[in-house]
Amino acid sequence: MSASLAPECNEVKERYDSCFLKWYSEKFLRGTSTSDECDPLFKQYEKCLSRALKDRGIDKMLKEAREDNRENDAEHMRSKR
Amino acid sequence: MVKFYSTNDTYSYPFPAVTLAYFLRYPNPYSTHVLSTDTIARNYDPETQRLTTIRLHLKRSKLPSAVGKLIPRSLLGASANGDTQTYILEKSVVDIKEGWMDTESQNLEWTGVLSVVERQMFKRPAPAVPDEVKIFQGMEGAARRHGFITFGGLGAGAKVEDSGETTEVTSSVTLHSHIGETWKKRRAASVESGGEEQPQKMGFLRSWGTSTLQKNIEKIGLTRTLRSQPNAREGMKVVLERMREGGLVGVLDGMRRDREAILAGRDLLKKTARPDNDE
C-alpha cells in the first residue's frame, strides 16, 4: 500500500485501504453495493490525517483549491446548458 | 497563453481492472518520486452507483534548470540544487453502470507560476455485438461485463481474467502560466494610489516581459510532460500485469517491494526507466 503523508497515520490508513479494496473489488465493481461499508474506518483515518494536514499548514491550501474546483465545476455546468 | 497536449491509448485490460489499477498505481517501479498518497474525501452514491474520490499525492521533483534560470529559486521554495516537493490534488469519479472513469489531477502550489491540469478519461468500449444478439446473451453478458475480476475463495485473491477486453483512455494536459500577472496588478494598484514602490520580484521580469516568460515556462512544462507521460503509462501497465499474474495479492506484494526499495533509496527496478520521471 502507498504511504501516508503522515507516518503516524500509516496504520489507520492501511486498515482503511484494505477495507476499501475489498469493498471496491467485491461489491462496487460488481454493481452490488448498497453503501460504503468502510466509512467508519475512513472517519478514523480522516481524523488522524486532518490533524496532520493542519500541522503542516496544508489544510488551508486544500480548502482553497477545492473551493476553486467547485466554482469551476459550477461554471462548466452552466456553460453546457 | 495555454499549452495543451492530448493523446489516446488502449489498455488490453478490462475496464474494472483498469479503475482498480488507477487507485493502486502508486508505488510502482516508475513512480519512485511519489512520496505519499492519501485519500482525503470519498463519496459513494448508491442511487447512481458513482464513486467520487479525492486524493492528495506528495511528489518529489527536481526544478528544471531552465526554470531556475528564469525565476529565482528562493521564490519557488526550492533548495539550492533544485530539489522541491509538490502536492498534487486528484479527483476521480467512477461510474460502473455506464462504464467510465473521469480523473483530474493538478498541482496545489505555485499555480501562478505554472498550473498543470492532467485529465484522463477511461471508457469501457461500446459492445461490438448488435443489440438483438445482446438481448439473448441476457444476464450472462451483464455478469461478464461486471465480473472480470473473479475470486478464488478469498477476496484478496481476486484475479483478472484475460477476456480479451480493452479499455480506452484519453489523456490531456493543460499548462497555464500566470506568472507576473499578480505582480503587475499589484504594481498598477500601487501606481494608482500614488506609490512609486515596486516589488523587488519585478526585477527579473523587467528583462523578459511577462508574456515571454509565461510562454517559456509553459514550454518547459510541456517538455517535462511529454517526457513523463510514457513513465506514467508504463507504471499503470506494471500494476495491471501484476494484477493479471497474481490478482490483488500480487499487486499488494509488488507495492510492498517498491515501497521498501524507495525507503532503502535503491531504485533497483528503475534501471529501464528514464532518470527524470516526475509527472
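Quick note: numbers below take in every heavy atom, side chains included, and nothing from hydrogens, waters or symmetry partners. Nothing here was measured: the structure is a model prediction, and the numbers come from that model. Just so we're on the same page: letters track the sequence lines, and every chain starts at 1.
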Item to check | Contacts of B:L35 that satisfy side-chain contact (heavy atoms from CB on, under 4.5 Å) - sequence neighbours left out | outcome: B:L58, B:R60, B:Q85
Item to check | With A:E37 via side-chain contact (heavy atoms from CB on, under 4.5 Å) - residues at least two apart | outcome: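 Partners of A:E37 by the side-chain contact (heavy atoms from CB on, under 4.5 Å) criterion, ordered by chain and then number, come out as A:W23, A:K27, A:S35.
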At a 4.5 Å cut-off on heavy atoms, which part of [X] comes close to chain B: side chain, backbone, both, or neither?
X: A:L5; value: both
X: A:T34; value: backbone
X: A:D59; value: neither

Next on the checklist: Taking CD in A:E11 as the centre, count heavy atoms belonging to other residues, nucleotides or ligands within less than 6.0 Å. Is the count above 12?
Outcome noted: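 Check fails, neighbour count at 12 or below.
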What is the distance from atom [atom1] of [X] to atom [atom2] of [Y], rounded to the nearest 0.5 Å?
X: A:S18; Y: B:L248; atom1: OG; atom2: CG; result: 9.5 Å
X: A:I58; Y: B:L108; atom1: CD1; atom2: CG; result: 9.0 Å
X: B:L51; Y: A:F28; atom1: CG; atom2: CZ; result: 5.0 Å

Under 4.5 Å from a heavy atom of chain A, the part of [X] involved:
X: B:V251; answer: neither
X: B:T19; answer: both
X: B:I40; answer: both
X: B:Q106; answer: side chain

Checklist entry - Relative to A:F20, does B:R42 satisfy both conditions: NZ or CZ under 6.0 angstrom from the six-membered ring centre, and within 45 degrees of the ring's axis? => result yes
Using a 3.5 Å distance criterion without hydrogens, assess whether the side chain of [X] forms a donor-acceptor pair with backbone atoms of [Y].
X: A:K13; Y: B:T37; value: yes
X: B:Y44; Y: A:S33; value: yes
X: B:Y87; Y: A:M61; value: no

Checklist entry - Heavy-atom distance under 4.5 Å between the side chains of B:L89 and A:R66, does that happen here? => result yes
Checklist entry - Quick one: are A:S2 and B:P27 in side-chain contact, heavy atoms under 4.5 Å? => result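 They are in side-chain contact.
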Item to check | Considering all heavy atoms, the nearest A:S4-B:S36 contact | outcome: C-CB, 3.6 Å
Item to check | Minimum-distance pair of heavy atoms, taken over all atoms of B:R259 and A:E14 | outcome: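 Taking B:R259 first and A:E14 second, the nearest heavy atoms are NH1-OE1, 4.2 Å.
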Item to check | Step-by-step side chain to side chain contact (heavy atoms under 4.5 Å, CB included) determination, B:L252 to A:L21 | outcome: CA-CA 11 Å; B:L252 296 177; A:L21 288 178; 4.0 Å; yes
